[in-house]
Protein chains: 2
Amino acid sequence: MDTVRDVLDPTCPSQVALGILGNKWTMLIIFALSSGVHRFSELRDRIAIITPKVLTQTLRALERDGLVDRTVHPVVPPKVEYRLTDLGRSLLESITAVRAWAEAHADEVLEARDRAELAQD
Amino acid sequence: MDTVRDVLDPTCPSQVALGILGNKWTMLIIFALSSGVHRFSELRDRIAIITPKVLTQTLRALERDGLVDRTVHPVVPPKVEYRLTDLGRSLLESITAVRAWAEAHADEVLEARDRAELAQD
DNA sequence: CAGGATCCGTTCCGATACTG
DNA sequence: CAGTATCGGAACGGATCCTG
């Protein structure tokens with residue numbers, strides 16, 4: 001393993017991964033888009049409690065990073081579609097592993113947290 | 001795929017994963033610990049620019065979540081060792097996939113960012 | 001419909017200095 | 001050696017209201 005000493009460098013892969021996954025909503029949106037093409041309001045409804053501002057913000061960030069493709073149809077009312085790019089789909093596979101880990105072990109983490117809270121007395 | 005509608009629930013696996021991976025330093029520390037047992041100062045040196053405060057903070061969080069084990073040896077000078085738990089090692093495998101993705105595709109992301117910046121005119 | 005603008009609270013983070 | 005204390009700034013996320 002390398003020394004992680006180049007963590008200052010925004011080019012460092014770990015940094016890139018963090019810049020993407022560190023965002024609270026990224027994973028959710030990638031999963032929401034895993035099933036295909038979706039409109040803004042579909043995503044908003046699907047992720048329920050997300051505010052439009054944050055959804056827009058996050059989608060734009062993903063677009064900038066080349067993970068999501070945004071298509072504007074010049075019609076009234078406006079219609080905008082989002083889909084994963086090939087790059088986005090490649091990330092989906094990797095974070096699916098994380099998702100699987102979370103589903104398998106979330107309870108253990110929660111138990112550990114509870115134990116830590118109790119031991120705090 | 002489920003509707004991600006329960007994102008409010010801190011028990012939701014996605015939330016748990018985010019709570020852990022969303023932290024800027026978690027991944028780095030997990031990787032730093034992948035090679036075995038390490039002392040505080042080894043970790044600090046290894047991750048270079050991290051401040052002791054933040055290193056402590058993050059390690060404590062990982063300990064609370066049951067991912068890292070902390071052993072204090074009652075000697076002078078103090079000696080404290082950190083190692084991954086079984087749970088931590090299971091996470092390591094999953095995020096290794098993310099790491100691999102980052103190493104394989106970081107350049108594409110950076111290119112996309114550059115293109116977005118140029119197109120901004 | 002798909003957002004942009006604004007404001008504001010919280011949380012995170014880093015630098016510096018100090019201690020058992 | 002392995003932290004803790006304190007402070008201040010920056011980034012993030014949320015609520016509300018507004019618009020082409």
Side-chain angles (χ1 to χ4, degrees), chain A residues 4-5 7-10 12 14-16 18-29 32-33 37-65 68-83 120, chain B residues 4-5 7-10 12 14-15 17-29 32-33 37-65 68-83 120:
Chain A
V4 199
R5 199 169 291 275
V7 92
L8 281 169
D9 181 5
C12 163
S14 304
Q15 281 294 75
V16 173
L18 267 168
I20 293 169
L21 283 271
N23 189 295
K24 187 171 174 184
W25 301 102
T26 301
M27 271 205 254
L28 274 347
I29 292 180
L33 285 174
V37 183
H38 290 284
R39 304 185 59 176
F40 186 85
S41 42
E42 287 171 353
L43 291 173
R44 194 190 47 208
D45 295 347
R46 199 139 180 206
I47 310 188
I49 53 132
I50 197 171
T51 62
K53 172 190 153 189
V54 175
L55 180 55
T56 301
Q57 255 180 204
T58 314
L59 282 170
R60 290 292 149 86
L62 293 174
E63 200 191 347
R64 267 203 317 279
D65 291 351
V68 161
D69 187 56
R70 176 170 175 267
T71 312
V72 182
H73 299 275
V75 297
V76 248
K79 179 173 178 181
V80 181
E81 290 178 327
Y82 295 91
R83 83 197 68 209
Q120 201 194 18
Chain B
V4 199
R5 199 170 291 275
V7 93
L8 280 169
D9 180 7
C12 163
S14 305
Q15 280 294 76
L18 268 169
I20 294 169
L21 285 264
N23 190 297
K24 186 173 175 182
W25 301 102
T26 301
M27 271 206 253
L28 275 346
I29 292 180
L33 285 174
V37 182
H38 291 284
R39 305 183 59 171
F40 187 86
S41 42
E42 289 171 351
L43 291 173
R44 196 189 44 207
D45 295 346
R46 199 137 180 210
I47 310 189
I49 52 134
I50 197 170
T51 62
K53 173 190 153 189
V54 175
L55 180 56
T56 302
Q57 257 181 204
T58 314
L59 283 169
R60 292 291 150 87
L62 292 174
E63 200 191 350
R64 266 203 319 278
D65 291 352
V68 162
D69 188 56
R70 176 170 176 267
T71 313
V72 182
H73 298 275
V75 298
V76 248
K79 179 172 177 180
V80 181
E81 289 177 328
Y82 295 91
R83 82 197 68 208
Q120 203 195 17

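Computation of the quantities below employed the complete heavy-atom set of this structure, encompassing side-chain atoms and omitting hydrogens, waters and symmetry-equivalent molecules. The chains referred to below are lettered A, B, ... by the order of the sequence lines, with proteins before strands, and numbering in each begins at 1.
- For the helix from dC1(C)-dG20(D) to dG20(C)-dC1(D), the angle separating the two terminal helix axes comes to 50°, with each axis derived from five pairs and the value rounded to 10°.
- Residues from residues 69-77 of chain B with heavy atoms under 4.0 angstrom of DNA chain D, sorted by number: Arg70(B), Pro77(B).
- Put simply, the side chain of Glu42(B) gets close to the backbone of Arg39(B): a donor and an acceptor are under 3.5 Å apart.
- Across the protein-nucleic acid pair, His38(B) atom NE2 and dA2(D) atom P stand 13 Å apart, rounded to whole Å.
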What side-chain donor-acceptor pairs closer than 3.5 Å can you find for residues 54-64 of chain A, not counting sequence neighbours?
unit_1   : atom_1 : unit_2   : atom_2 : d
Thr56(A) : OG1    : Pro52(A) : O      : 2.9
Thr58(A) : OG1    : Val54(A) : O      : 2.7

Contact letters for nucleotides 9-16 of chain C, in which S counts primed atoms plus P, OP1 and OP2 and B counts the base, heavy atoms under 4.0 Å
----BBB-

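- Between the CG atom of Leu18(A) and the P atom of dA11(D) there is a distance of 16 Å, given to the nearest Å.
- Residue Ser41(A) places none of its side-chain N or O atoms closer than 4.0 Å to OP1 or OP2 of dC1(C).
- Nearest to the side chain of Thr56(A), among dT4(D), dG4(C), dG20(D), sits dG4(C).
- Note: Ile47(A) CD1 to Trp25(A) CH2 = 7.0 Å, rounded to the nearest 0.5 Å.
- Annotation: the span from Ile29(B) atom CD1 to Leu43(B) atom CG amounts to 7.0 Å, rounded to 0.5 Å.
- In this model, the phosphate group of dC1(D) is not approached by any side-chain N or O of Tyr82(B) to a distance below 4.0 Å at OP1 or OP2.
- Here dA15(D) presents its P atom at 14 Å from CG of Leu55(A), a figure rounded to the nearest Å.
- Considering only side-chain N and O atoms, Arg44(A) lies nowhere under 4.0 angstrom from the phosphate OP1 or OP2 of dC1(C).
- A straight line from CZ of Phe40(B) to P of dA2(D) spans 8 Å, rounded to a whole angstrom.
- Here the CE atom belonging to Met27(B) is positioned 9.5 Å from the CD atom belonging to Gln15(A), to the nearest 0.5 angstrom.
- Remark on DNA chain D: of its neighbouring residues Pro78(A) and Thr58(A), the 5'-side contact belongs to Thr58(A), judged by nearest-heavy-atom nucleotide.
- Taking all atoms of both residues into account, the shortest heavy-atom contact from Asn23(A) to Leu18(B) is O-CD2, 3.7 Å.
- In this structure, Leu43(B) places its CG atom 10 Å from P of dG3(D), rounding to the nearest Å.
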Exercise answer: donor-acceptor pairs, residues 73-83 of chain B side-chain atoms, under 3.5 Å, sequence neighbours excluded:
unit_1   : atom_1 : unit_2   : atom_2 : d
His73(B) : NE2    : Glu81(B) : OE1    : 3.0
Glu81(B) : OE1    : Arg83(B) : NH2    : 3.4
Tyr82(B) : OH     : Arg70(B) : NE     : 3.3

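- The NE2 atom of His38(B) sits 11.5 Å away from the CG atom of Asp45(B) when rounded to the nearest 0.5 Å.
- Between the C1' atom of dT4(D) and the CG atom of Leu59(B) lies a distance of 15 Å, rounded to the nearest Å.
- The shortest distance between the side-chain N/O atoms of Arg60(B) and the OP1/OP2 oxygens of dT4(D) is below 4.0 Å.
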